[in-house]
Amino acid sequence: MTAWPDELAPVRRAMARAAQLEADELLDDAARESESIAARAAADAEALLEAAREDGAAAGGAAAALTAARARRAAHRRVLAERERLRDELVRRSVEAVAQWEGDARLEAFVRRLTQRCHELMGPGADVSAAPGGGVVAVHGTRRLDLSLPVLAARTATALLDEAADPWS
C-alpha cells in the first residue's frame, strides 16, 4: 500500500482513531455476542447429542454417531453465520460513520488528494468524478478505480478485522 503524503497525516490519524474506536467497540460487542451464541449453540448441541444418545440406544451406535455429527455441524454453521453477520455489521457501521463526514473541510482536502492519486495511478487522461457517498471514481479506457468513501471505509474495516486475526478465537 502506498503511504499518503504528510499533509494528510492529521486526516489519516483522525480516521484511524475513529475507525479503531468503532472497531474496538464492535469487536467487544461481537465477542460478547459470539460467546452468547456459542453458549446457546453448545446447549443446543448438547440437547441434540442427548437426543441422539437416546435414539442411538434404540437404533444403534451408527445412527447416533450420524445424528451427533449433524448436530455439531448445525451448531458450527450457526456460529459461523453469526460471525459473518457481525463482520458485515462492522463494515456497515464503518461506511455509515464515513457518510457523516460530508461537508467537513478535511474531507474536501482528502477528496482532492484522492483525485490526485487517481491521476497518479491511471494517468493524466483519467476521467475522475465524484462518487455517490463521497470520494471519487476514475475511469481510463477499460480500467476503473473506485476510491469512494464507502469502498474505502469497507476496505479499512475489513483490514482492521484481518489485522486482528480472528477476534473470536
Side-chain angles (χ1 to χ4, degrees), residues 1-42 44 73-169:
M1 178 177 236
T2 306
W4 295 100
D6 288 335
E7 63 265 14
L8 293 178
V11 174
R12 283 193 337 269
R13 283 192 300 273
M15 288 174 64
R17 264 194 312 275
Q20 187 63 49
L21 289 173
E22 182 77 15
D24 289 346
E25 180 182 310
L26 286 172
L27 288 174
D28 288 345
D29 291 347
R32 282 191 296 276
E33 195 165 337
S34 180
E35 288 172 9
S36 172
I37 290 165
R40 287 193 311 266
D44 290 348
R73 285 193 302 272
H76 186 66
R77 279 192 304 272
R78 281 193 300 266
V79 168
L80 290 177
E82 186 60 19
R83 286 180 181 175
E84 185 63 25
R85 186 192 69 76
L86 293 170
R87 183 182 192 92
D88 291 346
E89 177 70 10
L90 173 61
V91 170
R92 184 189 65 76
R93 286 188 186 183
S94 296
V95 169
E96 285 176 358
V98 167
Q100 306 279 327
W101 296 354
E102 198 144 347
D104 189 323
R106 294 175 298 177
L107 179 60
E108 293 174 22
F110 186 59
V111 169
R112 282 193 303 275
R113 177 60 187 124
L114 290 175
T115 301
Q116 178 184 354
R117 186 69 179 142
C118 286
H119 287 295
E120 289 170 3
L121 293 172
M122 299 189 68
D127 179 27
V128 182
S129 58
V136 295
V137 175
V139 178
H140 191 249
T142 59
R143 298 182 320 163
R144 183 174 189 274
L145 177 61
D146 188 346
L147 295 180
S148 63
L149 295 181
V151 167
L152 292 172
R155 286 181 186 164
T156 300
T158 300
L160 283 171
L161 287 172
D162 291 345
E163 188 177 301
D166 184 359
W168 294 278
S169 60

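As a basis for the values below, the full set of heavy atoms in this structure was taken, side chains included, without hydrogen atoms, waters or symmetry mates.
Comment: Glu89 engages Arg93 in a salt bridge, judged by a side-chain N to carboxylate O separation of less than 4.0 angstrom.
Here the closest non-hydrogen pair linking Leu149 and Gly135 is CG-N, 3.5 Å. Pairing each heavy atom of Leu147 with each of Leu114, the nearest pair is O-CD1, 3.6 Å.
For His119, the NE2 atom counts as densely surrounded, since its 6.0 Å shell holds more than 12 non-hydrogen atoms of other residues, nucleotides or ligands.
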For this session: Any chance you could lay out the side-chain contact (heavy atoms from CB on, under 4.5 Å) test for Glu82 and Arg40, step after step, and finish with the verdict?
Result: CA-CA 12 Å; Glu82 186 60 19; Arg40 287 193 311 266; over 6 Å; no

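Note that CD of Glu25 is 10.5 Å distant from CG of Leu90, once rounded to the nearest 0.5 Å. In this structure, the separation between CG on Asp44 and CD1 on Ile37 is 11.5 Å, given to the nearest 0.5 Å.
Each side chain to side chain donor-acceptor pair (under 3.5 Å) pair with one or both residues in residues 131-147, not counting sequence neighbours, appears once here: Asp146-Ser148. The list of salt bridge (Lys or Arg N to Asp or Glu O under 4.0 Å) pairs with a residue in residues 118-135, not counting sequence neighbours, reads Arg113-Glu120, Arg117-Glu120.
Side-chain atoms of Ser36 do not come within 3.5 Å of backbone N or O of Arg32 as any donor-acceptor pair.
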